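All remarks here apply to the structure that follows.
Residue numbers count from 1 along this sequence. Remember, predicted model here, so these are calculated numbers, not experimental data.
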Amino acid sequence: HYLPAHINLATALLLHNRYGTVKDQLDLLEKNIKPFPPDAYLLRGIALLSPRLKDYEAAQADFDKANGAF
């Protein structure tokens with residue numbers, strides 16, 4: 001449950017174009033960490049915009065919640 005490690009892992013996965021893995025990892029984190037951090041919303045929003053996932057509405061919702069990220 002070490003939050004910085006999860007954020008760093010999601011960032012590394014994002015840089016390696018593992019968008020689905022980023023989303024899955026952050027979805028699991030959201031179930032276990034309250035409150036869900038703005039940085040995680042931002043990373044998941046970026047992953048959702050990927051050509052593979054193309055979930056624009058969910059990405060916009062995450063970006064709206066990412067106020068204060070990084």
Side-chain angles (χ1 to χ4, degrees):
H1 290 200
Y2 185 60
L3 184 60
H6 288 282
I7 297 298
N8 289 340
L9 175 61
T11 302
L13 291 168
L14 190 64
L15 291 171
H16 285 281
N17 300 325
R18 304 277 308 273
Y19 305 113
T21 307
V22 171
K23 182 189 174 305
D24 293 343
Q25 194 247 346
L26 292 175
D27 287 347
L28 181 62
L29 181 65
E30 185 176 27
K31 291 178 184 177
N32 296 314
I33 300 291
K34 301 293 182 204
F36 198 55
D39 300 349
Y41 282 119
L42 181 63
L43 290 169
R44 188 170 61 187
I46 293 168
L48 290 168
L49 287 177
S50 72
R52 184 177 301 159
L53 297 179
K54 295 182 186 178
D55 193 349
Y56 303 118
E57 291 179 18
Q60 183 60 53
D62 277 353
F63 290 144
D64 290 342
K65 296 174 188 173
N67 187 19
F70 291 100

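Residue-environment remark: CG (Asp64) exceeds the threshold of 12 foreign heavy atoms within 6.0 Å.
Residues Pro38 and Gly68 come closest through the heavy atom pair CB-C, 4.0 Å. Pairing each heavy atom of Pro37 with each of Ile33, the nearest pair is CD-CG2, 4.4 Å.
Going from atom CG of Leu43 over to atom CD of Gln25 covers 9.0 Å, rounded to the nearest 0.5 Å. Distance CZ/Phe36 to CG/Asp27: 7.5 Å, rounded to 0.5 Å. From Arg44, atom CZ reaches atom CG of Leu53 across 11.5 Å, with rounding to the nearest 0.5 Å. How far CG of Asn32 is from CG of Leu3: 11.5 Å, rounded to the nearest 0.5 Å. Residue Asp62 holds its CG atom at 9.0 Å from NZ of Lys23, rounded to the nearest 0.5 Å. In this structure, Leu26 CG and Ile7 CD1 are separated by 6.5 Å, a value rounded to the nearest 0.5 Å.
Only one option out of Leu13, Leu14, Asp24, Ile46 pairs with Tyr19 in a side chain to side chain contact (heavy atoms under 4.5 Å, CB included); it is Leu14.
Residues Leu28 and Leu9 are members of separate hydrophobic clusters, defined by side-chain heavy-atom contacts under 4.5 angstrom among Ile, Leu, Val, Met, Phe, Trp and Tyr.
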